Amino acid sequence: MKRRDFAIGAPFVIAAATLGSGSVLAQPKVIRMVESGGKSGESIEVAYIKPFTAKTGVRVSREAPNPLGKLRAMVGSGNVSAALFELGSPSLAQAKALGLLDKLDWAAIDPLPIFPEARDDYGMGFQYFSTVMAWRADAKAPATWADFFDVDRFPGKRALPDYPHYLLQFALIGDGVPADKVFPLDVDRAFRKLETVKKSVSVWWKAGTQPPQLLKDNEVRYAISWSTRIVDEPTLRFTYDQGMYDISWLTVPKGVEPAEKALAMKLLHEVTVPENQVRATEIIKLSGNSVDLERLVGAEKFATFPTATKNKASQFRQDGEWWRINGEAVNKRWETFKLAL
């Protein structure tokens with residue numbers, strides 16, 4: 001599974017240095033980061049950690065995966081060994097409510113221009129990703145979620161996510177709710193809409209690699225997928241229209257040592273540098289937080305990325321706070337729904 005909410009290396013090395021009559025703790029030689037792994041982690045290494053280490057001499061040890069439970073255990077034990085921890089939007093909201101995070105020092109970060117929604121007291125949104133409708137090139141192309149959920153006019157098997165927070169929104173839009181009015185979710189209405197399509201769903205997928213493979217193998221004709229899994233597939237099609245964009249966040253666990261937090265702020269500065277983000281796009285086709293990224297990459301090349309001007313404007317944003325409040329109840333409802341499949 002490669003997404004954030006389903007949802008490290010060695011500990012910090014701190015050397016002692018003697019100054020005058022006493023001793024102080026010198027700058028850590030290594031800091032630790034917990035992130036989501038895969039190509040995302042590779043992009044962090046190349047685009048952000050490499051320039052950070054070149055400037056500071058401090059190495060960064062990465063560990064994946066990044067479940068919220070790991071953060072809770074770390075903070076709860078008082079053994080805070082990571083300076084940065086990646087969270088998805090619902091997990092960020094929950095971590096804030098549980099008091100698991102330190103506030104960021106935005107003055108120390110000194111960010112270059114970023115999208116305003118990527119700036120939070122407790123997190124920096126560093127990576128945008130989108131959930132979209134996708135289909136085989138030889139299938140009848142849906143233009144809206146109303147089309148996607150119309151199994152009579154658009155026949156064929158579907159693959160839908162086994163995660164209600166990446167599905168219920170689209171069921172509601174397919175039932176006529178405007179995308180900008182989808183939150184707060186009408187859960188009853190969303191499940192009623194799913195009842196109309198469930199017989200055409202052959203796979204409720206759990207891993208992001210499944211939708212493109214199912215489509216390519218012609219096991220399904222239509223799927224809900226993450227855009228980055230579809231964008232380079234020549235036999236598949238997708239659209240950002242009525243898609244949902246979400247943000248992955250870098251946070252600082254509560255109780256981190258001041259010297260380690262200071263270094264984390266320096267690393268977060270590198271995450272706002274648009275030239276660094278260009279390097280990240282060469283590894284994974286997800287957008288960074290810079291408002292200048294499209295200009296640097298070039299409009300034509302950037303047209304397939306979530307934050308291209310046209311794409312961002314045609315999508316709605318995931319609501320992590322709504323899921324923090326309602327997620328547990330919705331997940332129980334989801335499990336009951338699946339028992340009747």
Side-chain angles (χ1 to χ4, degrees), residues 1-7 36 38 40 65 67 88-91 128-136 142 145 147-149 151 154 156-175 177 179 182-183 185 187 189-217 219-231 233 236-248 286 306 315-320 322-323 326-341:
M1 186 70 212
K2 175 60 186 77
R3 270 279 67 91
R4 286 86 183 159
D5 273 346
F6 288 84
S36 58
S40 176
S89 294
S91 289
Y128 286 67
F129 64 98
S130 296
T131 310
V132 297
M133 68 178 83
W135 60 94
R136 286 177 55 85
W145 288 108
D147 293 342
F148 184 93
F149 283 97
V151 297
F154 295 82
K157 291 295 184 180
R158 269 77 168 157
L160 303 185
D162 191 6
Y163 302 103
H165 46 301
Y166 290 110
L167 174 58
L168 298 189
Q169 299 91 320
F170 304 122
L172 287 172
I173 298 171
D175 201 45
V177 178
V182 74
F183 287 101
L185 298 184
V187 175
R189 183 173 176 178
F191 275 99
R192 286 197 299 270
K193 187 62 176 179
L194 290 179
E195 289 287 346
T196 69
V197 73
K198 68 181 184 181
K199 291 183 179 179
S200 293
V201 179
S202 62
V203 178
W204 300 89
W205 58 262
K206 289 181 175 291
T209 55
Q210 288 179 268
Q213 193 61 54
L214 291 164
L215 287 165
K216 287 190 293 184
D217 293 345
E219 291 188 41
V220 301
R221 306 284 282 172
Y222 303 94
I224 292 176
S225 178
W226 291 314
S227 62
T228 187
R229 300 289 188 176
I230 300 291
V231 64
E233 297 292 347
L236 307 182
R237 301 290 182 267
F238 77 101
T239 179
Y240 280 109
D241 290 347
Q242 298 186 330
M244 179 179 70
Y245 78 84
D246 201 352
I247 306 174
S248 296
L286 296 177
Q315 298 178 81
F316 65 98
R317 182 181 170 188
Q318 173 72 288
D319 189 333
W322 189 92
W323 284 106
N326 300 281
E328 183 176 357
V330 174
N331 282 325
K332 289 180 180 178
R333 177 80 176 270
W334 178 248
E335 293 304 318
T336 300
F337 171 78
K338 290 198 297 180
L339 289 176
L341 294 176

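Model, not experiment: these values are computed from the prediction.
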Undergrad: Closest approach of Arg229 and Thr209, non-hydrogen atoms and distance?
TA: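 What the structure gives for the nearest pair is NH1-CG2, 3.4 Å.
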Undergrad: Below 3.5 Å, can you tabulate the donor-acceptor pairs from side chains in residues 326-341 to any protein atom, sequence neighbours excluded?
TA:
from	atom 1	to	atom 2	distance (Å)
Asn326	ND2	Trp322	O	2.9
Asn331	ND2	Gly327	O	3.2
Arg333	NH1	Asp188	OD1	2.9
Arg333	NH2	Asp188	OD1	3.3
Trp334	NE1	Asp162	OD1	2.7
Thr336	OG1	Lys332	O	3.2
Lys338	NZ	Asp162	OD1	3.0
Lys338	NZ	Asp162	OD2	3.1

Undergrad: Check whether any side-chain heavy atom of Leu185 lies under 4.5 Å from a side-chain heavy atom of Trp323, and answer yes or no.
TA: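 They are in contact (side-chain heavy atoms under 4.5 Å apart), so the answer is yes.
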Undergrad: Looking at every heavy atom in both Ala223 and Leu215, which two are closest together, and how far apart are they?
TA: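 For Ala223 versus Leu215, the nearest heavy atoms are CB-CD1, 3.9 Å.
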Undergrad: Rounded to the nearest 0.5 Å, what separates atom CZ in Arg158 from atom CZ in Phe149?
TA: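 Going from CZ on Arg158 over to CZ on Phe149, the span is 8.5 Å.
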Undergrad: Quick one: NZ on Lys157 to OH on Tyr222, what's the gap to the nearest 0.5 Å?
TA: 13.5 Å
Undergrad: Quick check for you: to the nearest 0.5 Å, what is the distance between Gln213 atom CD and Leu236 atom CG?
TA: 9.5 Å
Undergrad: Could you report the tightest heavy-atom contact between Pro211 and Ala207, atom names first, then the distance?
TA: CD-O, 3.5 Å
Undergrad: For the OH atom of Tyr163 and the NZ atom of Lys206, what is their distance to the nearest 0.5 Å?
TA: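 One finds 5.0 Å between OH of Tyr163 and NZ of Lys206.
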Undergrad: Considering only heavy atoms from C-beta outward, does the side chain of Leu160 approach that of Phe170 to under 4.5 Å?
TA: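 No, their side chains stay 4.5 Å or more apart.
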Undergrad: For residues Pro161 and Trp205, report the shortest heavy-atom separation together with the two atoms involved.
TA: N-NE1, 3.4 Å
Undergrad: Where do Trp135 and Phe148 land on the ring-ring contact (aromatic ring centres under 6.0 Å, His included) test, with the steps shown first?
TA: CA-CA 9 Å; Trp135 60 94; Phe148 184 93; 8.7 Å; no
Undergrad: Please give me the minimum heavy-atom distance between Gly243 and Val132, naming the atom from each residue.
TA: CA-CG1, 4.5 Å
Undergrad: Quick check: closest heavy atoms across Gln318 and His165, and the distance to 0.1 Å?
TA: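 Residues Gln318 and His165, closest heavy atoms: NE2-O, 3.0 Å.
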Undergrad: Should the ring pair Phe129 and Trp226 be called parallel, tilted or perpendicular, given that the plane angle runs from 0 to 90° and is split at 30 and 60?
TA: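 Rings of Phe129 and Trp226: perpendicular, over 60°.
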Undergrad: Could you list the donor-acceptor pairs under 3.5 angstrom formed between side-chain atoms of residues 193-201 and any protein atom two or more places apart in sequence or on another chain?
TA:
from	atom 1	to	atom 2	distance (Å)
Glu195	OE1	Lys198	NZ	2.7
Thr196	OG1	Lys193	O	2.5

